[in-house]
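Notes to accompany the following structure.
Bear in mind the structure is a predicted one, so any value in this text is a computation, not a measurement.
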Amino acid sequence: MSESNEYLHIEVLMEDGVTLSHFERLTTNESITFNNFIAKFDRNANGFLSIKEGDTFSAINVDKILKLTPKDIHHF
């Protein structure tokens, strides 16, 4: 089974007004993918969410997030 090359674009609005783009690999559908992304907050004990897998320096403070907005599907 090959991995999907489809990603859900999630817009992350931070407390300081900065908007980040995060791309989460699409699983079953957009809703499940977005909910799985939200579930990562509960599994992360240190208060920071990695936004780029494998890069420990690419993380955001979850306490500073104001809004998460699922946007559209991208094909990479």
Item to check | Those residues that, when tested against D16, pass side-chain contact (heavy atoms from CB on, under 4.5 Å) (two or more places apart) | outcome: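 With neighbours one apart ignored, the set is M14, V18.
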What's the separation between atom [atom1] in [X] and atom [atom2] in [Y], rounded to the nearest 0.5 Å?
X   : Y   : atom1 : atom2 : result
H22 : E11 : NE2   : CD    : 13.0 Å
N5  : R25 : CG    : CZ    : 8.0 Å
E24 : I38 : CD    : CD1   : 9.5 Å
I10 : L20 : CD1   : CG    : 12.0 Å

Checklist entry - Which pair of non-hydrogen atoms, one from L13 and one from T19, has the smallest distance, and what is that distance? => result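 Smallest heavy-atom distance, with atoms named: CD1-OG1, 3.7 Å.
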Checklist entry - So which heavy atom on F23 is nearest to which on F76, and how close? => result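 Closest approach of F23 to F76: CD2-CE1, 3.9 Å.
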List the atom pairs, donor and acceptor, that lie under 3.5 Å between side-chain atoms in residues 62-75 and the rest of the protein, sequence neighbours left out.
{"unit_1": "K64", "atom_1": "NZ", "unit_2": "E15", "atom_2": "OE1", "d": "3.4"}
{"unit_1": "D72", "atom_1": "OD1", "unit_2": "H74", "atom_2": "NE2", "d": "3.1"}
{"unit_1": "H75", "atom_1": "ND1", "unit_2": "E6", "atom_2": "OE2", "d": "3.4"}

Checklist entry - Can I60 be reached from L8 by stepping across I, L, V, M, F, W or Y side chains whose heavy atoms are under 4.5 Å apart? => result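 Both belong to a single hydrophobic cluster.
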Next on the checklist: Starting from L26, can I reach F34 by hopping between I/L/V/M/F/W/Y residues whose side chains sit under 4.5 Å apart?
Outcome noted: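 They do share one cluster, since a chain of ILVMFWY contacts under 4.5 Å joins F34 to L26.
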